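A short write-up of the structure that comes next.
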Amino acid sequence: MPESKTVYFVGSGPGDPELITLKAKKLVEQADVIIYSGSLFNPKNLEYAKKDAKLYDAAVIDREKIYQILRDSALEGKLAVRFHDGDPALFSTIREQIDKLESDGIKCKVVPGVTAILGAAADLKLELTLPGVTQTLIITRAELRTPVPERESIAELAKHGATMAFYLSVHLINDVVKELLKGGVYTKDTPAAVVYRATWDDEKVIKGTLGDIAEKTKKERIIKTALIIVGDVIAPKKYEYSKVYDAGFTHGYRKADK
């Protein structure tokens, strides 16, 4: 059961309404107040809400108003849900919201959701951490209004040669490609993909390489709501089999065959 005087920050998933979690669905069904991010949120998720639930689109109200609605709702004993697209842990502003609410004595809980990179990887049938290719996924964004520490510049991160996923950056795809190549590990032949509105009905997938992905994306006129994915896992020339299921490998659940 939901706790009183508690605000729930809930991940709505990447777009497909069937990818919302059972826990999130139950909270929405019981919520008295729901604030959602209208610009990236699938409105079908609101079909689970009660008829008398109060709904607010965060895209048209400011930070202070959002805070006031959540605070007042919780203090009045109402169940308040702050819906964030994808997963609340990534590029969501929950830290600033939670800190302010908790300073007023209001408890906050977070319910995870499926983030867009996982939805995109599923549709591309990717294994983002592929043995023999890379065991690392770097999630980041290009710098514009939100500054990025120098140690986290695209060129510096690109030196790892890992799988990279860029949120909120497709409008800067030329700059992203330039910085990736500057790292000295990726080449113009490195596989790349752009996934527009991952898991939505109108999803669009563009595959290419760092040599042509920017041009292909511009031809499709994609300038927002898309992920950039880079790395050999997109089109691996070779990879290794996992040792976990190797008959000759011993691990905590199985002994190797003699």
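Positions are given from 1 along the sequence. In this text, all values refer to a predicted model and were calculated from it rather than measured experimentally.
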Looking only at heavy atoms, what is the nearest atom pair of V81 and A31, with distance? CG2-CB, 3.8 Å
When rounded to the nearest 0.5 angstrom, what distance separates OG in S92 from CG in D85? 8.5 Å
Among Ile, Leu, Val, Met, Phe, Trp and Tyr joined by side-chain contacts under 4.5 Å, find the other residues sharing a cluster with I213 and list them by chain and number. I138, I154, L157, M164, F166, V170, I173, V176, V177, L180, L181, Y186, V194, Y196, I206, L210, I222, I228, V230
Going by the salt bridge (Lys or Arg N to Asp or Glu O under 4.0 Å) test, which pairs reach into residues 163-180, not counting sequence neighbours? E179-K182
Taking every heavy atom of V111 against every heavy atom of A24, the minimum-distance pair comes out as CG1-N, 4.2 Å
In Å, rounded to the nearest 0.5 Å, how long is the span from CD1 of I234 to NZ of K207? 8.0 Å
Partner set under salt bridge (charged side-chain N to carboxylate O under 4.0 Å, His left out) for D62, not counting sequence neighbours: none
Quick one: side chains of residues 120-134, donor-acceptor pairs under 3.5 Å with protein atoms, not counting sequence neighbours, listed by atom name and distance.
residue : atom : partner : partner atom : Å
T134    : OG1  : T136    : N            : 3.1
T134    : OG1  : T136    : O            : 3.4

In sequence, state the C-alpha distance, the side-chain angles, and the governing distance for I34 and K54, and then conclude on side-chain contact (heavy atoms from CB on, under 4.5 Å). CA-CA 6 Å; I34 300 172; K54 291 186 177 180; over 6 Å; no
Just wondering, do I106 and T6 contact through their side chains at under 4.5 Å, heavy atoms? no
Under a 4.5 Å cut-off applied to non-hydrogen side-chain atoms, are N45 and V28 in contact? no
Those residues at least two apart in sequence (or on a different chain) that pass salt bridge (charged side-chain N to carboxylate O under 4.0 Å, His left out) with D202 are R197
In the structure I gave you, are the side-chain heavy atoms of R95 and D99 within less than 4.5 Å of one another anywhere? yes
Could you list the residues that satisfy side-chain hydrogen bond (donor to acceptor under 3.5 Å, both in side chains) with S12, not counting sequence neighbours? none
Same apolar cluster: V110 and I20, side chain cutoff 4.5 Å: no
Hey, are E96 and K100 close enough for a salt bridge, meaning a charged N less than 4.0 Å from a carboxylate O? no
Would you say CD of E64 has more than 12 non-hydrogen atoms from neighbouring residues, nucleotides or ligands within 6.0 angstrom? yes
Sorted by chain and residue number, the ring-ring contact (aromatic ring centres under 6.0 Å, His included) partners of F41 (sequence neighbours excluded) come out as Y36, F83
Listed partners of D32 passing salt bridge (charged side-chain N to carboxylate O under 4.0 Å, His left out), at least two apart: K50
What pairs with K44 under salt bridge (charged side-chain N to carboxylate O under 4.0 Å, His left out), at least two apart in sequence or on another chain? none
In short, D57 meets G38 closest at the heavy-atom pair OD1-N, 2.9 Å
Just verifying a value: how many Å separate K216 NZ and T209 OG1, rounded to the nearest 0.5 Å? 7.0 Å
Kindly work out whether a path of hydrophobic side-chain contacts (I/L/V/M/F/W/Y, heavy atoms less than 4.5 Å apart) joins I66 to I94. yes
Test item: side-chain donor near acceptor, Y167 and T115, under 3.5 Å: yes
Answer yes or no: is there a side-chain heavy-atom contact under 4.5 Å between I69 and V33? yes
Indicate if L46 and Y8 have the same hydrophobic cluster label, given that clusters are the connected sets of ILVMFWY residues with side-chain heavy-atom separations under 4.5 angstrom. yes
Show the nearest heavy-atom pair for residues G161 and V185, with the distance to one decimal. CA-CG1, 3.8 Å
Would a 4.5 Å heavy-atom cut-off, applied to side chains only, mark Y239 and D232 as touching? no
Let me check something: do Y48 and L79 share a hydrophobic cluster, defined by ILVMFWY side-chain heavy atoms less than 4.5 Å apart, either directly or through other members? yes
Over all atoms of both residues, closest heavy-atom pair of A74 and V7: CB-CG2, 4.1 Å
From SG (C108) to CD1 (I98), nearest 0.5 Å: 5.0 Å
What residues form a side-chain hydrogen bond (donor to acceptor under 3.5 Å, both in side chains) with E29, not counting sequence neighbours? K25
Side chains of H171 and K224, heavy atoms from C-beta outward: is any pair under 4.5 Å? no
Scan side-chain atoms only and decide if S37 and R82 contain a donor-acceptor pair under the 3.5 Å cut-off. yes
Pairs satisfying salt bridge (Lys or Arg N to Asp or Glu O under 4.0 Å), at least one member in residues 157-171, at least two apart: E156-K159
Are any non-hydrogen side-chain atoms of I223 and R221 less than 4.5 angstrom apart? no
With rounding to the nearest 0.5 Å, note down the distance linking OG in S73 to CD in Q68. 11.0 Å
Establish, from distance only, whether the side-chain atoms of T93 and Q97 form a donor-acceptor pair under 3.5 Å. yes
Nearest-0.5 Å distance that lies between atom CD1 in I229 and atom CD1 in I117: 3.5 Å
Applying a strict under-4.5 Å side-chain criterion to I, L, V, M, F, W and Y, I'd like to know whether Y56 and L70 cluster together. yes
Are any side-chain N or O atoms of W200 and backbone N or O atoms of N42, one a donor and one an acceptor, separated by less than 3.5 Å? no
Are any of the side-chain nitrogens in E152 or R141 under 4.0 Å away from the carboxylate oxygens of its partner? no
If you take all heavy atoms of N174 and A214, which pair is closest and at what distance? OD1-CB, 3.2 Å
Pairs touching residues 103-118 that satisfy salt bridge (Lys or Arg N to Asp or Glu O under 4.0 Å), sequence neighbours left out: E3-K107, E3-K109
